Structures are given as C-alpha cells and as structure tokens.
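Keep in mind it's a predicted model, so treat the numbers as computed, not measured. Just so you know, ligand 1 is whichever comes first in the structure, and atom 1 is the first atom listed for that ligand.
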Amino acid sequence: MTSLKNKVALITGASQGIGESIALNLSAHGCSVALVARNEARLAEVAKKCEIAGAANVMTISADLTDLENLESIVTQTVEKLGKLNILINNAGVYQGGNISECNILKWDNAIDLNFKSIVHLTHHASKEIKKTNDGGVINISSIAGKITYKGGALYCSTKHALTGFSGSIYDDLRENNIKVCTIYPGFVNTEMGREDHLDETKMIQPEDIAKTVEFVLSFPNTGCPTEITIRPQQNSRKG
Ligand SMILES: NC(=O)c1ccc[n+]([C@@H]2O[C@H](COP(=O)([O-])OP(=O)(O)OC[C@H]3O[C@@H](n4cnc5c(N)ncnc54)[C@H](OP(=O)(O)O)[C@@H]3O)[C@@H](O)[C@H]2O)c1
C-alpha cells in the first residue's frame, strides 16, 4: 500500500487508548475510519477528533465484540457506508490475569472470546472485502505477553500467543491479494490498561508510538511486508 489516502480502515477498540491513536493517525493520512467499541459516548468523541484530524469519512459502530453474531454486520455496515474496506486493525483486547486453579473461568472465557475468537471471526468476514480491493492490510495488536509466559499470565499470554499462529498463517492466505499482515508486540503502553503505580508514564511507550508503527507497516512498499514488530520502552519505565 503506497498511500493511505482514501483507504477505508476498520479499527476495533477505538474508543480510547491505542485504538484511538491509530484511528487519529490514519485519519490524519486521509483514511476513512469505522470506529468500533461498546461505549457510544466515547466513540462519538473520538469520531469528532478524527474529523478534525482530516478523515475522509467517519462512522462509529457500537458493538460488543464478544457477541460473535455481531461481527459480520460490522463489516457489512462499514462497506455500505464507506464504500469498501482496505484495512482491519484488530486492537480491542482485555487484560485478565490470575492463577489457573483460582480464576473466574467464565471471565476467562469471555476474555478468550474478545482477545482471540472475535479476531478470527471479524477477520474471516473482513478479509473477503479487503481482498476485493487488492490493496489492504490486517494489523493484529498482540503484546510482549505473546512472546513470553509468566506466573498469572496463563489467560492473557495464551490468547496473545494464539494470535501469533493466526497472524502468521493468514499472512500466507492473503499475501497474493496484496494484503499486508503484521503482528505488533508492545511492552507496557501509557493507556488505561497499561498504567501502573510503579511505572513512570513519561517513560512508557506512548499509544502514538503504536500508531506510527501501524502507519509504517501499511505504507511499506508493495514488495515487502513487515510481519512482526516488537516495541520495547526506550528507557526502563520503572520508578525509582
Ligand atoms: N496498554 C498496554 O500496556 C498494552 C501492551 C501491549 C498490548 N496491549 C494491547 O493493545 C490493545 C489495546 O489496549 P489499550 O491499552 O488501548 O487498552 P484500553 O485503553 O483498555 O482500550 C481497550 C479498548 O477495547 C475496547 N473493548 C474492550 N472490550 C470490548 C468488547 N467486549 N467489545 C468491543 N470493544 C471492547 C474498549 O472500548 P469499550 O470499553 O468502549 O468497549 C477500548 O476501546 C489490547 O489488545 C491490548 O492487549 C496493550
């Protein structure tokens, strides 16, 4: 994809954090954006910011992505309103920590639905439309937890590791259709999910850094595809 201008991007988890930053940056490069999350009021605020940033067109879709029945209609609504679909940003996700024998297994199941199953279903529907453009991208936001394992990380790490297998395989499924597929693995990012008392926010990775990475991947020459990018904080962000 040599230019982002007039491309149509669907961004999940766009009501705040990393998804909001990605939406704003794609808007600034002239994309039309479809913003998906549950919170309608926050989506409307981000939509206004995207218009000001320069988006060709903006729409919001309030939906719970764990309701897998919703997902085909998200793609249909986007194409009906914005004319086509070039780019899918699978960003929405939740952190769920805990010990395997003591966890709330229903909460874990719900997190699996959001962090993995919704991505599989949404990409299934979206990829059919993206293929039609012969100029697109699917970006999956993973985490350092998709590269490592740790105590208390069974749920989060496994959903992010699963994304690696999914993403690598669909790269092969979609490459001949001129669709870039990339997994991004950030460390702690300065968002509601990533902020912790012991971390210095100014030294954390910023959501705008992830947005720049997405821009880099999508704007990469048509002859290459960065398939995996890990982002670590430049400086140690632990206080003290
Ligand atoms: N922050 C970090 O340190 C960090 C590090 C590495 C990777 N990541 C990954 O980056 C992605 C974005 O994280 P973030 O830090 O931006 O988190 P965030 O600030 O908590 O934002 C999460 C987004 O997902 C949406 N969302 C949550 N549950 C949803 C559901 N059931 N249906 C639809 N949308 C839902 C939220 O919107 P609503 O509440 O409006 O639905 C929100 O827009 C996640 O996949 C996360 O795993 C984050």
Task: Candidate with minimal heavy-atom separation from atom 44 (C) of ligand 1, of Ile141, Asn91, Val36, Ile119 - done: Asn91

Task: Contacts of Asp172 that satisfy side-chain contact (heavy atoms from CB on, under 4.5 Å) - sequence neighbours left out - done: Arg175

Open item on the list: Checking Ser32 now: which residues fulfil side-chain hydrogen bond (donor to acceptor under 3.5 Å, both in side chains) with it, not counting sequence neighbours?
Closed with: none

Open item on the list: Between Arg42 and Glu45, does any NZ, NE, NH1 or NH2 come within less than 4.0 Å of an OD or OE carboxylate oxygen?
Closed with: no

Task: atom 47 (O) of ligand 1 - nearest protein heavy atom and its distance - done: Tyr156 OH, 2.6 Å

Task: Options Ser142, Gly93, Pro186, ranked by nearest heavy atom to atom 9 (C) of ligand 1, top entry - done: Ser142

Task: Contacting atoms of ligand 1, where contact means under 4.0 angstrom from a heavy atom of Ser143 - done: 6 (C), 7 (C)

TODO: Considering heavy atoms of the protein only, find what lies nearest to atom 16 (O) of ligand 1 and give residue, atom and distance to 0.1 Å.
DONE: Ile18 N, 2.8 Å

- [ ] Would you mind checking which non-hydrogen protein atom is closest to atom 14 (P) of ligand 1, with the distance to 0.1 Å?
- [x] Thr191 OG1, 3.6 Å

Open item on the list: In this structure, does ligand 1 have an atom that sits under 4.0 Å from one of the heavy atoms of Ala145?
Closed with: no

Task: Interfacing atoms of ligand 1 (cut-off 4.0 Å, heavy-atom, Asp64) - done: 30 (C), 31 (N), 32 (N)

Task: For atom 36 (C) of ligand 1, the option (of Ser15, Gly17, Ala23) bearing the nearest heavy atom - done: Ser15

Open item on the list: With a cutoff of 4.0 Å, is Leu114 in contact with ligand 1, counting heavy atoms of the residue only?
Closed with: yes

